[in-house]
Amino acid sequence: MRVTNISSQVLFLLSIMSFNALAAQSLSSYINLPVEKYKLENGLTVLLNPDKKLNTASYILGFKVGSRHEKPGITGISHMFEHLMFKGTKKYPKFDQVYAKNGVVGVNAFTSRDYTAYVGAFPPEKLELILDVESDRMTQLTFTQEELDKERRAVQEERLMRVDNSPTGILFENLFDQVFKKHPYRWPIIGYTEDIASYTLEDLNKWYSAYYSPNNAVLVISGKFSAKKAKKLIKKYFGELKTKKIPEEIKVTEPEQNQPRMKEISKEVQSSIAVLSYAGPPAGTKEFYALEFISQILGAGESSVLYKKLVRQTKLLSSISVGVMDLFHHGVFYIFYPLLDTSKEQEIQKVILEELSKGIDQALNEKSLE
Amino acid sequence: MNDMIYSLKTSGPRSRIFLDYEINFNNYKKMYEKLDMINEMSPAFIKKAGEQYLIPKKSNYLILKAKK
């Protein structure tokens, strides 16, 4: 239903938590969230986080397939398929209605560059229903040409809304195309207009058959439920699903960038916006966290280096945001800002580049003060 | 910040975070290890990472200008 970089949102959340008064202690000492992780024989990874203090439970079923697994000509197919996952199975032709009748809420999905996930929240006593429906959807989904055409129109509309008629959408679609020249991160999660128009029923069935299997999935359940009961039911409903051979990912090495890139787009939008970005290291590496640390010093909140300089002192900008997108192969460090006056564009750029260098030094000073 | 921390106390956001770390970071435990890694990081390492990735020749500048 949604195209999102959920991982960056999650990381933002955690990064906010990280760079403040918590800095001297570990996150695990602050919030203790016990998780039991195990694998079924067919390869399904399960994470259980029971918590009796909560009133309801939530599930999320993620598949390790996103837009980076696509190729030119079928860009956006992961997201298109995510829409079709809301069609029925023989056993549950209208599963959304079954969920609604049983108090399952927030049933939704999202696609990122690295994975696709299906979510919902449920009353504790409906755990078995969730596991039955979700295991059924994993392998027994059926959809027709008519349903594909209907969802295609919905995705085309979504693209118009999120990208073609959204200044930020246009900017970020171009950002990935600018930062990546070979890597599949370069195309948009939602796909190019011409590709959305051309997927066939066979393309979608192949996608489902190739990537939707227990050994390519992670099931997480969190909240009020019994872990003992969940384990038994997960084995009952997911345990019999067959393992598949997942297509091998074609490894693409992004060529090293040796000169700055600049691009200007002109559109009928209300105000101008700009972004300065850099390809970074993969999520979870030590270098990635170092860049995240720098991003916080530069742009987190009103006491950050760039906010003080460009918003408060010089009043060249009204706002600025800095972050690192946590992608599996290459993170993306970005500095994003709306321009109040495009004639000041060069001046703003100069300040940002100067402060970027100073920001690294300040990050080191703050680190030294710990 | 407290709002952020308290959002982890509900099952929906929490399960998303676990999934995200399990897939994108290869292990959900990384969400706990992250802060320890940063605490252990030397200033020299941060500087080196900044100088490796955030340098002018690796910059990408993009502007969307409003048509007049």
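Basis for what follows: all heavy atoms, side chains included, without hydrogens, waters or symmetry-related copies. All chains are named by letter (A, B, ...) in the order of the sequence lines, taking the proteins before the strands, and each is independently numbered beginning at 1.
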*asked:* Does Arg14(B) form a side-chain contact (heavy atoms from CB on, under 4.5 Å) with Asp51(A)? I'd like the steps, not just the answer.
replied: CA-CA 11 Å; Arg14(B) 192 190 292 181; Asp51(A) 189 338; 3.1 Å; yes
*Take Leu276(A) and Asn60(B) through the test side-chain contact (heavy atoms from CB on, under 4.5 Å) and record every step on the way to the result.*
CA-CA 6 Å; Leu276(A) 182 68; Asn60(B) 298 279; over 6 Å; no
*Please walk me through it: do Ser222(A) and Ser15(B) pass side chain to side chain donor-acceptor pair (under 3.5 Å)?*
CA-CA 6 Å; Ser222(A) 185; Ser15(B) 55; 5.4 Å; no
*Would Leu291(A) and Leu54(B) satisfy side-chain contact (heavy atoms from CB on, under 4.5 Å), going step by step from the backbone distance to the final call?*
CA-CA 9 Å; Leu291(A) 292 199; Leu54(B) 310 177; 4.1 Å; yes
*Check the pair Leu171(A) / Leu62(B) against side-chain contact (heavy atoms from CB on, under 4.5 Å), numbers first and verdict last.*
CA-CA 7 Å; Leu171(A) 194 77; Leu62(B) 182 61; 3.9 Å; yes
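Closest approach of Tyr53(B) and Pro281(A) over heavy atoms only: OH-CB, 3.5 Å. In terms of heavy-atom proximity, Ala290(A) sits nearest to Phe45(B) at CB-CE2, 4.2 Å. Closest approach of Lys30(B) to Tyr289(A), counting heavy atoms only: O-OH, 4.1 Å. Between Ser11(B) and Ala57(A) the shortest heavy-atom distance is OG-C, 3.7 Å. Leu47(A) and Phe18(B) get closest at one heavy-atom pair: CD2-CB, 4.0 Å.
Pro56(B) is not listed as a side-chain neighbour of Pro260(A), based on a closest heavy-atom distance of 4.5 Å or more. Within the 4.5 Å cutoff, the side chain of Thr285(A) has no heavy atoms near those of the Met37(B) side chain. For the pair Ile23(B)/Val218(A), a side-chain contact is recorded, criterion being any heavy-atom separation below 4.5 Å from C-beta on. No side-chain heavy atom of Gln257(A) sits less than 4.5 Å from a side-chain heavy atom of Lys57(B). Contact annotation: the side chain of Ile55(B) never approaches that of Tyr278(A) to less than 4.5 Å [non-hydrogen atoms, C-beta and beyond].
Between the side chain of Gln178(A) and the main chain of Tyr61(B), a donor-acceptor pair closer than 3.5 Å is present.
For a residue to count as touching a neighbouring chain, one of its non-hydrogen atoms must lie under 4.5 Å from one of that chain's; by this rule Tyr28(B) touches chain A with the side chain only. Contact annotation for Leu339(A): only side-chain heavy atoms (C-beta onward) come within less than 4.5 Å of a heavy atom of chain B. For Tyr337(A), the part lying under 4.5 angstrom from a heavy atom of chain B is the side chain only.
Between Lys58(B) and Glu256(A), at least one side-chain nitrogen of the basic residue sits less than 4.0 Å from a carboxylate oxygen of the acidic one, meeting the salt-bridge criterion.
Most heavy-atom pairs under 4.5 Å with chain B, from the set Met262(A), Glu287(A), Lys286(A): that is Lys286(A). Top candidate by heavy-atom pairs under 4.5 Å with chain B, chosen from Ser277(A), Ala117(A), Ala121(A), is Ser277(A). Across Asn55(A), Ile170(A), Val179(A), Thr45(A), the residue that shares the most heavy-atom pairs under 4.5 angstrom with chain B is Val179(A). Here Asn49(A) is the residue among Leu219(A), Asn49(A), Leu61(A), Asn174(A) with the most heavy-atom pairs under 4.5 Å with chain B. Each of Lys37(A), Lys53(A), His329(A) has some count of heavy-atom pairs under 4.5 Å with chain B, and the biggest count is that of Lys37(A).
Atoms CG and CZ, on Asn24(B) and Phe328(A) in that order, are 7.5 Å from each other to the nearest 0.5 Å. A distance of 8.5 Å separates CD1 of Ile38(B) from CD of Gln296(A), quoted to the nearest 0.5 Å. Once rounded to the nearest 0.5 Å, the distance linking CD of Gln259(A) with OG of Ser59(B) reads 10.5 Å.
Among pairs with a residue in residues 265-274 of chain A, none fulfils side chain to side chain donor-acceptor pair (under 3.5 Å), at least two apart in sequence or across chains.
Using the six-membered ring where Trp is involved, Phe25(B) and Phe288(A) have ring planes that are perpendicular, over 60° apart on the 30 and 60° scheme.
For Lys39(A), the NZ atom is loosely surrounded, since the number of other residues' heavy atoms within 6.0 Å does not exceed 12.
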